[in-house]
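Only this structure's heavy atoms are used, side chains among them; waters, hydrogens and symmetry mates stay out.
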Amino acid sequence: MARSNDKCIWVLSELYYPEESATGYNVTKVAEGLALRHRVRVLTAQPTYKARGTRAPKDEIRNNVQIHRCAATTLDKDILAFRLVNLFTISISIFVNAIKRINRGDVVLVVTNPPTLPFLVFLACKLRGAKLVLRIEDVYPEALVAAGFAKQGSVVVRALDLLHRKLYTGVDRVIVLGRDMMQLVQNKIGNNAAHLTIITNWADTDQIVPLPRGTNALLQRHGIAEKFVVQYSGNMGRTHDIESLVQCAKRLESDDQIHFLFIGWGAKEPWLKKSVQELGLRNVIILPPQPRADLAVSLNACDVAIISFVSGMSGVSVPSRMYNIMAAGKPIIAVADKSSELAQMVEEENVGWVVEPELPERIAEVLLKAKSHRQLLVEMSARASTCVVEKYSEEAIMRKYESLMDSMQSNSSSGSGNPA
């Protein structure tokens, strides 16, 4: 298909196909969606998350996108020292390739994975005369504080905050993933916020739909088809309140009709497995991440879903999983700050309950209420699946990216070729 003009859109991210983590998957879909009308090229690295160990081609064309995977380390990210090494080598390698490949008038979309990358790409775009769009996955330094890596008010946090304020005001456009993130970034940059825009993630409504519970293969395989199943599916990282869910499971272990199903991985996964074993919890099953092709089945393997964050995460990160959970028609218990996009959506669309973090007794109360009000769950399920089809389909969100990139290209420099 013909491209809209001769300029190139570059997508720069640590995570890209064959990486199936949320960021990798979403960035891949954005690039491929834009490639229907634009010339799109990607600078990325070899997989370091779910697909770590897979050796993808250094250069390939996939779905009209020209991909170049830069040389860098692929150490185990769950070991902090290794993650820092990856962060450094990936950022430098992509930066060097950006300097070599990006031309004047191109538009660059960069994400905050790894968090050092946008700063180097900002420099590359200045040197090469390209426009820069920043898509914020996580807001720093708040994400470091919430994860326990830094202390609020420390010299390091203040310095990082200043650097990110400069970055947010210096780029040409900033994409945020929700209203809470918009507010947080606006608070950082004040009157310089006119170039911010909200473009949320989306639901895979073509693949993920409500499925009959009675024939769910995952529930049957693990012998919990007759139970009231509570599912946590996704990343089990340092900013997720997994501890409260374990405490909740302990509180409800005497109710043999309630069963907890954890599906995912992350920094807290070893702790989760150890705690469940030490507490002797027979009402908990822990499974590894399911293939994306099986996501419809796995997300439908429950009666209610839980998304849990630690306190202080409002605006810092917006969980993309909530859209697919709603596409599966599952009510959500949002363990999150009330001002978060997650909590706001759950309450506005009336598709579940909101519980403040670190309150396992309150989570238990809500689960018992959900279990005893099955008709309410049916009504919430219908509202959830209708909501994502009407508001958060891939087609609707891609139109927003198209509009943004069209405006960026039309406003880009009229010069062509490399800068002098």
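No more than 12 heavy atoms of other residues, nucleotides or ligands lie within 6.0 Å of CG in Asn191, so this atom counts as exposed by the packing criterion. Within 6.0 Å of atom CZ in Phe82, 12 or fewer heavy atoms from other residues, nucleotides or ligands are found, so the atom counts as exposed in its surroundings. Annotation: Arg292, atom CZ; neighbour count of heavy atoms from other residues, nucleotides and ligands within 6.0 Å is above 12. Crowding of Gln277 atom CD: a count of heavy atoms from other residues, nucleotides or ligands under 6.0 Å not exceeding 12. For Gln375, the CD atom sits in a packed shell: over 12 heavy atoms of surrounding residues, nucleotides or ligands are nearer than 6.0 Å.
Although no hydrogens or angles enter the test, the distance criterion places a donor-acceptor pair under 3.5 Å between the side chain of Asp172 and the main chain of Leu132. The backbone N or O of Val157 lies less than 3.5 Å from no partner atom in the side chain of Asp161, so there is not a single donor-acceptor pair. No donor-acceptor pair closer than 3.5 Å links the side chain of Thr386 to the backbone N or O of Arg383. The closest donor-acceptor contact from the side chain of Thr28 to the backbone of Tyr17 lies under 3.5 Å. Under the 3.5 Å distance criterion, the side-chain polar atoms of Ser244 are left unmatched by any main-chain donor or acceptor of Asp241. A donor-acceptor pair under 3.5 Å is absent between the side-chain atoms of Thr197 and the main chain of Ile175, judged by distance alone. Without hydrogens or angle criteria, Ser91 side chain to Phe88 main chain gives no donor-acceptor distance under 3.5 Å. Although no hydrogens or angles enter the test, the distance criterion places a donor-acceptor pair under 3.5 Å between the side chain of Asp337 and the main chain of Gly312. No donor-acceptor distance shorter than 3.5 angstrom exists from the side chain of Arg52 to the backbone of Pro47, with no hydrogens or angles considered. Side-chain atoms of Asn300 come within 3.5 Å of backbone atoms of Leu211 as a donor-acceptor pair (strictly under, hydrogens ignored).
In this structure, the ring of His240 has its center less than 6.0 angstrom from the ring center of Phe309.
Looking only at side-chain heavy atoms (C-beta outward), His195 and Ile189 come within less than 4.5 Å of each other. Residues Gln231 and Leu299 form a side-chain contact, since some pair of their non-hydrogen atoms from C-beta on lies under 4.5 Å apart. Val346 has its side chain out of reach of Met322: every pair of non-hydrogen atoms, C-beta onward, lies at least 4.5 Å apart. Annotation: side chain of Ile397 is not in contact with side chain of Asn201 (no heavy-atom distance under 4.5 Å). Under the 4.5 Å side-chain criterion, counting only non-hydrogen atoms from C-beta, Ile90 is not in contact with Leu117. Within the 4.5 Å cutoff, the side chain of Trp271 has heavy atoms near those of the Val246 side chain. Leu87 has its side chain within reach of Pro115: a pair of non-hydrogen atoms, C-beta onward, lies under 4.5 Å apart. Considering only heavy atoms from C-beta on, Glu379 stays 4.5 Å or farther from Asn350 through its side chain.
Once rounded to the nearest 0.5 Å, the distance linking CE of Met408 with NZ of Lys131 reads 6.0 Å. Rounded to the nearest 0.5 Å, atoms CG (Leu367) and CD1 (Ile258) are 6.0 Å apart. To the nearest 0.5 Å, atoms CD (Gln257) and CG (Leu368) are separated by 12.0 Å. Separation of atoms CZ (Arg41) and CG (Leu12) is listed at 11.0 Å; rounding is to 0.5 Å. Lys391 NZ to Thr200 OG1: the interatomic distance, rounded to the nearest 0.5 Å, is 11.0 Å. With rounding to the nearest 0.5 Å, the separation of CD in Glu32 from CE in Met398 is 9.0 Å.
For the 3.5 Å distance criterion, the side chains of Tyr25 and Asp204 qualify, holding a donor opposite an acceptor. At a cut-off of 3.5 Å, with distance as the only test, a side-chain donor of Tyr401 or Arg135 sits close to an acceptor on the other residue. Using modelled atom types, one finds a donor on one side chain and an acceptor on the other under 3.5 Å when comparing Asp138 with Ser317. No donor-acceptor contact under 3.5 angstrom links the side chains of Asn216 and Gln220, judged on distance only.
Between Ala327 and Pro210 the shortest heavy-atom distance is O-CD, 3.2 Å. Shown here for Gln46 and Pro57, the closest heavy-atom pair between the two residues is NE2-O, 4.4 Å. The shortest non-hydrogen separation linking Met182 to Ile198 is CE-CG1, 3.4 Å. Residues Thr74 and Asn86 come closest through the heavy atom pair N-OD1, 3.6 Å. Here the closest heavy-atom approach between residue Lys330 and residue Ala305 is recorded as CB-CB, 4.5 Å. The two residues Ile94 and Glu14 come nearest to each other via the heavy atoms CD1-N, 4.5 Å.
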* I would like to know whether Tyr140 and Leu167 meet side chain to side chain contact (heavy atoms under 4.5 Å, CB included); could you show each step before the answer? => CA-CA 11 Å; Tyr140 292 93; Leu167 176 67; over 6 Å; no
* Asked: Yes or no on side chain to side chain contact (heavy atoms under 4.5 Å, CB included) for Lys188 and Val139, after CA distance, side-chain angles and deciding distance?
  -> CA-CA 11 Å; Lys188 286 178 176 289; Val139 179; 3.6 Å; yes
* To do: Dump the intermediate steps for side chain to side chain contact (heavy atoms under 4.5 Å, CB included) on Ser339 and Asp180, then the final yes or no.
  => CA-CA 7 Å; Ser339 59; Asp180 56 343; 5.6 Å; no
* Asked: side chain to side chain contact (heavy atoms under 4.5 Å, CB included) between Leu134 and Phe122: does it pass, once the steps are laid out?
  -> CA-CA 9 Å; Leu134 172 67; Phe122 175 78; over 6 Å; no
* Could you walk me through whether Glu253 and Lys250 pass the salt bridge (charged side-chain N to carboxylate O under 4.0 Å, His left out) test, one step at a time? => CA-CA 5 Å; Glu253 65 178 336; Lys250 179 64 177 176; 2.8 Å; yes
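Using cut-offs of 30° and 60° on the angle between ring planes, the pair Tyr323 and Tyr392 is tilted.
Note on Glu365 versus Arg362: salt bridge recorded, some NZ/NE/NH1/NH2 to OD/OE distance being below 4.0 Å. Glu269 has a carboxylate O that lies under 4.0 Å from a charged side-chain N of Lys273, or vice versa, which qualifies the two as a salt bridge.
Test Lys227, Lys371, Arg213 against Asp303 for salt bridge (charged side-chain N to carboxylate O under 4.0 Å, His left out) and you get one pass: Arg213.
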